[in-house]
Amino acid sequence: KKGLNGDSTLKERYPEGIKWKFLEHKGPVFAPPYEPLPENVKFYYDGKVMKLSTKAEEVATFFAKMLDHEYTTKEIFRKNFFKDWRKEMTSEEKSTITSLSKCDFTHMSQYFKAQSEARKQMSKEEKQKIKEENERLLKEYGYCVMDNHKERIANFKIEPPGLFRGRGNHPKMGMLKRRIMPEDIIINCSKDSKIPAPPPGHKWKEVRHDNKVTWLVSWTENIQGSIKYIMLNPSSRIKGEKDWQKYETARRLKKCVDKIRNQYREDWKSKEMKVRQRAVALYFIDKLALRAGNEKEEGETADTVGCCSLRVEHIKLHPELDGQEYVVEFDFLGKDSIRYYNKVPVEKRVFKNLQLFMENKQPEDDLFDRLNTSILNKHLQDLMEGLTAKVFRTYNASITLQQQLKELTNPDDNIPAKILSYNRANRAVAILCNHQRAPPKTFEKSMMNLQSKIDAKKEQLADARRELKSAKADAKVRRDEKSKKIEEQLMKLEVQATDREENKQIALGTSKLNYLDPRISVAWCKKWGIPIEKIYNKTQREKFAWAIDMAEEDYEF
DNA sequence: CCGAATACTTAGAACCACTTCA
DNA sequence: TGAAGTGGTTCTAAGTATTCGG
């Protein structure tokens, strides 16, 4: 078994920062070129048919395709879209089309709806053909060779042009994401590999051979000016080892977390404001699993915060609330503009410190004005090698899963009931990390369907029991078995209903994929004889192959 | 030392394909 | 046989953290 000596093996595989020795790939797959609309699909301006130039038409179709979406009603979206659209117009178009509200995209929109309907109605053969074409593309471009291993690439297709859809209240929503050309692309591969050829008539921006990074292809995106990358699939060696390393770091934190907690409690009393702020922030990160909270460029992104970037307006202090003392009420938008709302009783010292930090400040002022993530992480680095703010999230998520599994698993339960316990443990973590989802649109209906299934099953059971009672001795055994089977089915349905109800607004996937040491789950499955397929689907099993390989039933995080 | 650039992980929504049920 | 429901997959935005360059 690997991993017996902790994470030393992965550090020694390559010298200092070297990620690979050989890397060969075929380059990216570009978005299909724009196909102009058929002549009979019309765009209207101010009630009159207007034929658009190809470039203007393409951008118009992006808007038309989103017409049903709430986005297109938003002021900022419309303003940004219109501004960028006008840049693509000919000078005649520019002088004619001066108001978005006079543009009528409905015919275009109907055409696209009909198209997608037609796609659904395609014959088996046609669908099969498309499937085969996709498979061919995947086979040719979806893999690379990295150091003697054929590896799956995560995103080998270049993002197609379209309208930028930020999350939350994003100032750039509706802007045009331009088409990426070979001339934008930087290829990264090894010198001795077969270098991918650009499409005929085109050139790459650059070919480089940087083995200190893991990406194969990069380009600069035009909305934020940030770099996008093509990288390997989570099942790859390079991602798997990194993932393993992440959990090993979290396990090292487990060994010193008590010391660190004592330390920050001491620091609440420090004479230095900076130290106190650092200690209170760390307490939040540890206790509430808040994100670090890097600074963001104002006006470039939605207004969201993490711990270090919390503002005075994001917390309310209640000396007493609902019979509890020293309650802090958090209300802010975090990553992806997901709301974090929580009322937390804190220790008196923390409370008093917060009062101090808020003194003479405006609502929009930083709560921790002497702190940022860089200062915090530097401090954490001194407490433990490799420790950063996000390690606390990983640690607290994984340790919570382990504890909850211990607490909730009932040895006498059958498999569905044990899986409910697993999901509940998973749910405790998702709640801790504030992983939310919009309740599925069909939620109420699907709950009702499930309930009627349960009712039907109950009736079936009642029938079976009546039959059992009246059955002759020789038939009793058979009847009894039948009742038992129905009972089991009923129980399974009820468990399913409970699970679904509890999961209405909780997203389990993110914690499962990114925060929970998979070895905890593997060990739990082994201990209770649960097939691993019940916990991890195929993709997840591929991603966590290293853990499935490694963990025995006695694994301790 | 700082802000900017870079590289990588984490995130929810949209989309799609398969299954189930009427 | 088709519509609905569901789980899985894809997409790409939005974070974290480190490195770079002046």
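Throughout, a chain's letter reflects where its sequence line sits, starting with A, and its residues are numbered from 1. As the structure is a prediction and not an experimental result, all values here were calculated from the model.
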*Between A:K378 and B:dC1, is there a side-chain N or O to OP1/OP2 distance below 4.0 Å?*
no

*A:R278 versus A:H379, side-chain donor and acceptor atoms under 3.5 Å*: yes

*Tell me, with the steps shown, if A:E132 and A:K129 meet salt bridge (charged side-chain N to carboxylate O under 4.0 Å, His left out).*
CA-CA 5 Å; A:E132 276 166 19; A:K129 218 171 158 195; over 6 Å; no

*Residue met sooner reading DNA chain B from 5', once A:R119 and A:T214 are mapped to nucleotides*: A:T214

*Do any side-chain nitrogens or oxygens of A:Y229 fall under 4.0 Å of OP1 or OP2 in C:dT12?*
no

*What does nucleotides 14-19 of chain C look like as a protein-contact string, B for base, S for sugar-phosphate only, - for none, at under 4.0 angstrom between heavy atoms?*
BSBBS-

_More than 12 heavy atoms of other residues, nucleotides or ligands under 6.0 Å from CD of A:E364: yes or no?_
yes

*Report which part of the nucleic acid A:P234 touches: base, sugar-phosphate, or nothing (heavy-atom distance under 4.0 Å, all strands).*
nothing

*Report the distance from atom CZ of A:R339 to atom P of B:dG12, rounded to the nearest whole Å.*
16 Å

_Nearest-Å distance for atom pair CZ/P, residues A:F77 and C:dA13_ = 12 Å

*asked:* Heavy atoms from C-beta onward define the side chain here; which of B:dC8, C:dA13, B:dG12 lies closest to that of A:K19?
replied: B:dC8

*Map A:E159 and A:N537 onto DNA chain C by nearest heavy atom, then report which one ends up closer to the 5' terminus.*
A:N537

*Just call it for A:K172: base, sugar-phosphate, or nothing, with non-hydrogen atoms closer than 4.0 Å on any strand.*
nothing

*A:Y422 and A:S521 side chains, donor-acceptor separation under 3.5 Å*: yes

*Would you say A:K177 reaches C:dA13's phosphate, i.e. side-chain N/O to OP1/OP2 under 4.0 Å?*
yes

_Please confirm whether the shortest side-chain N or O distance from A:H69 to OP1 or OP2 of B:dA13 is below 4.0 Å._
no

*Using 30° and 60° as the class limits, which term best fits the ring planes of A:Y536 and A:F544: parallel, tilted or perpendicular?*
tilted

*Answer yes or no: does a side-chain N or O of A:K212 lie under 4.0 Å from OP1 or OP2 of B:dT6?*
no

*Nearest whole angstrom, please: distance from the P of B:dA11 to the CG of A:L516.*
11 Å

*Would you mind telling me which residue lines up with the more 5' stretch of DNA chain C, A:R152 or A:L163, judged by nearest nucleotide?*
A:R152

*Taking atom types as modelled, find out whether A:S511 and A:N426 have a side-chain donor-acceptor pair closer than 3.5 angstrom.*
yes

*Check every strand shown and say whether A:K239 touches a base, only sugar-phosphate, or nothing at a heavy-atom separation below 4.0 Å.*
sugar-phosphate

*Rounded to whole angstroms, how far apart are CE on A:M231 and P on C:dC11?*
17 Å

*Side chains of A:D286 and A:N396: do they bring a donor and an acceptor to under 3.5 Å?*
yes

*Do you know which two heavy atoms are closest between A:L137 and A:F156, and how far apart they sit?*
O-CE1, 4.1 Å

*Rounded off to whole Å, could you give me the CE-to-P distance for the A:M66 and B:dC15 pair?*
9 Å

*Find the distance A:R208:CZ to B:dA7:C1' and express it as a whole number of Å.*
12 Å

*Check the distance between C:dT12's P and A:E221's CD and give it to me in whole angstrom.*
12 Å

*What integer distance in Å separates A:I153:CD1 from C:dT10:C1'?*
16 Å

*asked:* Taking only side-chain N and O atoms of A:T510, does any of them lie within less than 4.0 angstrom of OP1 or OP2 on B:dG12?
replied: yes

